[in-house]
Amino acid sequence: MLGVYYKIITSFVVIATLLVSPLSSGFAANKSNQPLILIDGTHSNMGRLKKLKKFAVIADGMAKYIETTEQLARLMVFTNEGKRHCKSRHLNLRSLGKSGNDIVENIKALTPSKRISLTPVLKKAARKFGRKRPGHIIVVVGDEDRCNRNLCKSVKKLRLAGKKIRVSVVSLGVPATSQRQYQCVTRYTGGEYFNANSKIQFGLALRHMVVSSGKTAKAIVPGKPGVQNSNIAMAFPITVSAGSQFNIEVSGSFNPLDQLTLTGLDNQFIFSSYYITENKNTAYFFIAPSNPGVYIVSYIGQKDKTVLISRQLIVTEAVTAIDKVPPVIVGSRFSIKWKGANRQYDQLRIVNSLDQSKSLSYTFASMSFNNAANLIAPGKAGEYEIQYLDKNKIVLARTKLLVKPAVASITSDDKVVAGVQFYIKWKGPQNDYDKIQIITSDPDSKPVANLYTVQHKDRHHYLIAPDQPGNYQLRYITTDNKVLAVRSIEVVSPKVSFTKLAPAVAGSQIQVSWRGPNHKYDQIKIIDPAKPKQHLSAHFTHLHVMGNAYLFVPEQPGEYQVVYTTRTNRLLARTPLSVIKAKVSISAIDTIGAGKYFQVHWVGPANRYDQIKIVDLNDSKKEFYFIYVNTKNHSYVRLRAPKKAGQYQVQYLTSSKRILATTKLIVK
């Protein structure tokens, strides 16, 4: 666990170095207004950040937004060094160093701690600014304050706004239900709140807060409408790229049908607008204008159409660059990455370098993840171009794509047995829907078997040979039905022979022995030559010991055949089977008292489920007592006479209820 948390927290090295190192001459001049960035180093925060996997991309993008910042910051971390949660006396608020090396060493030694409330952290941090100069505390959190459910009320008692200290919060994936407590803190101290969901949003928010740290704190007093004194708060990125998607989060006490608008500087042309439909904190989805410039986001009251609060939105030019793509194989699926835009309706496509009017493959950028998408290479080798287009079909970026021809080969035995599973290996592009087929020598014939190569990444598997002997071909077919490789094979008929069978008693079980294949779904059957399509008994050969199977003989005497058939019901061998009548007899006492026990002597085949039972002669459907006779170890069975007087019959029956012998029984 320590190693995992180390990887998460070490991602702050880039941030820390950029913020702490004196990158500009403004470091000494603005020291009095230098903001303090506090990082939550507790378990709950680190767990949230680990789950969201934000830090790796955030650290990677920080230099782009902080390197030009003249107003630098101090970087500190707060932890709980005690053994119990939420104990302020164990609060540890310490600097992570003044140089890059100090910061790295301190981060290596840092481990997530027990939870602690933000209130004592802000109280202790506020003392570092003194009382005569304004201060700006920026808190980076990843979860709600689990130690103080009344965080906003507790922070108000600190009177930070009166001490000219404001608190801003950058939250990384904090759930919407938990954001109110932080928004309340920022509202009453004159700070800003941002819920960053990407490295761009995080970098923009932190840079904006650091740059604006020299401004005087202005607390927002609820109940007094106006731009500076409204109880409405809005949170959104300061800078977005042209045409990109972003959310405007609104919180406070507002009325239904209040309006949220995005307009130009003259407030005349409305690019987007929403009516507030419910009196609750929520986020609204906006798309930035396609032209770079400065725009206004306004919250307009429903009653008198007064602008209650407004802020500027800077729309930057959508700068996009596609990473270089190595050569790919025709028809293959490959990945591309780009930097910059990722807007709705933006498109990535492949076009011919000479004819760019038609897309050979395309995908929408908004369907990608982390600016990475998949495209399918054209089916013809040559030079192509990958383009990034906006919704107006304007090409924002392009890169070359070289498509190489595919080469394939197939390896297998020259001769295979009909109906037998045989082993093949191949080399090829392994594209989606590439397949290996078995066809006859006629190239226009339908394939006998198909195997999709993409399902077998190791490029080897088994195919089942056709049942009909002859000459066939193995072909490697691409997604666009081009033949890349051909191999000829000969399918030979398997040799099957049976051991001669002795006459079998009707209903008995016999052992059948054969020589030959033992393939999956091959069957040994007993059939009536007059009705060859109906099998009377059957077993799959692969479920038995090689060359041996056990079958139940029909109960009707006569001449039958034992046959060997393949999985497609092709007959490979047969042998005759004579079924003779079973010798059966039973004898018992003629007359017996009701409910008395008596013995029945019998002679019979004793096949499986053969039985002796008592039935009523006047109503044959009435069965009384029965017993199975599936063993030859005893020559008699013991039955109990019915309790009702009358004429009965003792019967010997087979498993199919066929009567082989009877004797009368009178019950008095």
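Not one N or O on the side chain of N352 forms a donor-acceptor pair closer than 3.5 Å with the backbone of Q356. Counting only distance, with no hydrogens or angles, the side chain of S353 and the backbone of E383 share a donor-acceptor pair below 3.5 Å. Between the side chain of R658 and the backbone N or O of E555 there is at least one donor-acceptor pair closer than 3.5 Å. A donor-acceptor pair under 3.5 Å is absent between the side-chain atoms of D413 and the main chain of V416, judged by distance alone. Of the possible polar contacts, one joining the R459 side chain to the G428 backbone as a donor-acceptor pair under 3.5 Å is found. Using modelled atom types, no side-chain atom of N371 and backbone atom of K337 make a donor-acceptor pair closer than 3.5 Å.
Taken to the nearest 0.5 Å, the NZ atom of K393 stands 7.0 Å off from the CZ atom of R349. Distance check: I238 CD1 to I314 CD1 gives 8.0 Å after rounding to the nearest 0.5 Å. A distance of 9.0 Å separates OG of S656 from CG of D610, quoted to the nearest 0.5 Å. Atom-to-atom distance recorded for I436:CD1 and L474:CG is 7.5 Å, nearest 0.5 angstrom. Atom CD of residue Q511 and atom CG of residue L501 lie 10.0 Å apart, to the nearest 0.5 angstrom. Atom CZ in F246 sits 9.5 Å away from atom CD1 in I287 (nearest 0.5 Å).
Residues T566 and L572 are in side-chain contact: their nearest non-hydrogen atoms beyond the backbone lie under 4.5 Å apart. For the pair K339 and D323, the minimum side-chain heavy-atom distance is below 4.5 Å. V407 places none of its side-chain heavy atoms less than 4.5 Å from the side chain of L484. Residues V448 and Y472 have side chains in contact (heavy-atom distance under 4.5 Å, counting atoms from C-beta outward). With contacts defined as side-chain heavy-atom distances shorter than 4.5 Å, the pair V403/Y384 qualifies. Counting heavy atoms from C-beta on, the side chains of I439 and R475 come closer than 4.5 Å. Side-chain contact between V562 and I524 is present, with at least one heavy-atom pair separated by less than 4.5 Å. Counting only heavy atoms from C-beta outward, the side chains of S578 and E559 approach each other to under 4.5 Å.
Residue pairs meeting the ring pair (Phe, Tyr, Trp, His ring centres under 6.0 Å) criterion with at least one partner in residues 394-425, sequence neighbours excluded, are Y423-H460, Y423-Y462. Under the salt bridge (charged side-chain N to carboxylate O under 4.0 Å, His left out) criterion, no residue pair touches residues 350-374, with sequence neighbours excluded.
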Show your reasoning for whether side-chain contact (heavy atoms from CB on, under 4.5 Å) applies to I350 and L401. CA-CA 8 Å; I350 300 176; L401 174 67; 4.0 Å; yes
For a side-chain contact (heavy atoms from CB on, under 4.5 Å) check, start with the C-alpha distance between D346 and L389, then their side-chain angles and the critical distance, and finish with the verdict. CA-CA 6 Å; D346 285 3; L389 294 81; over 6 Å; no
side-chain contact (heavy atoms from CB on, under 4.5 Å) for L577 and I526? Distances and angles first, verdict last. CA-CA 8 Å; L577 173 65; I526 297 178; 4.0 Å; yes
side-chain hydrogen bond (donor to acceptor under 3.5 Å, both in side chains) between S508 and N607, worked out: CA-CA 5 Å; S508 64; N607 295 327; 4.9 Å; no
Take Y564 and D522, measure what side-chain hydrogen bond (donor to acceptor under 3.5 Å, both in side chains) needs, and give me the verdict at the end. CA-CA 7 Å; Y564 188 107; D522 285 1; 2.8 Å; yes
Tell me, with the steps shown, if N247 and F285 meet side-chain contact (heavy atoms from CB on, under 4.5 Å). CA-CA 5 Å; N247 287 337; F285 173 81; 3.9 Å; yes
Show your reasoning for whether side-chain hydrogen bond (donor to acceptor under 3.5 Å, both in side chains) applies to N548 and S513. CA-CA 5 Å; N548 290 286; S513 300; 2.8 Å; yes
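G331 and I376 make their closest contact through O-CG2, 3.7 Å (heavy atoms, listed as atom of the first residue, atom of the second, distance). Shortest non-hydrogen contact noted between I580 and P503 is CG2-CB, 4.2 Å. For the residue pair A408 and A485, the shortest heavy atom distance occurs at O-CB, 3.4 Å. For L375 against S361, the heavy-atom pair with the smallest separation is CD2-OG, 3.8 Å. Contact record, P554 with V579: O-CG1, 3.6 Å, taken as the closest heavy-atom pair. Taking all atoms of both residues into account, the shortest heavy-atom contact from S359 to V351 is CA-CG1, 4.3 Å.
Remark: H456 engages W426, L451, D458, H461 in a side-chain contact (heavy atoms from CB on, under 4.5 Å) (not counting sequence neighbours). Residues meeting the salt bridge (Lys or Arg N to Asp or Glu O under 4.0 Å) test with R487, sequence neighbours left out: D414. Taking E385 as the reference, R398 meet the salt bridge (Lys or Arg N to Asp or Glu O under 4.0 Å) condition, with sequence neighbours excluded.
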Please output the side-chain donor-acceptor pairs of residues 489-499 that fall under 3.5 Å, not counting sequence neighbours, one pair per line with the distance.
none

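Within 6.0 Å of OH in Y609 there are 12 or fewer heavy atoms belonging to other residues, nucleotides or ligands.
The aromatic rings of Y452 and Y433 sit perpendicular to each other, their planes meeting at more than 60°, with 30° as the lower class boundary.
The residue from T478, T453, T479 that alone fulfils the side chain to side chain donor-acceptor pair (under 3.5 Å) condition with D434 is T479.
For Q561 and T575, the side-chain atoms include no donor-acceptor pair closer than 3.5 Å.
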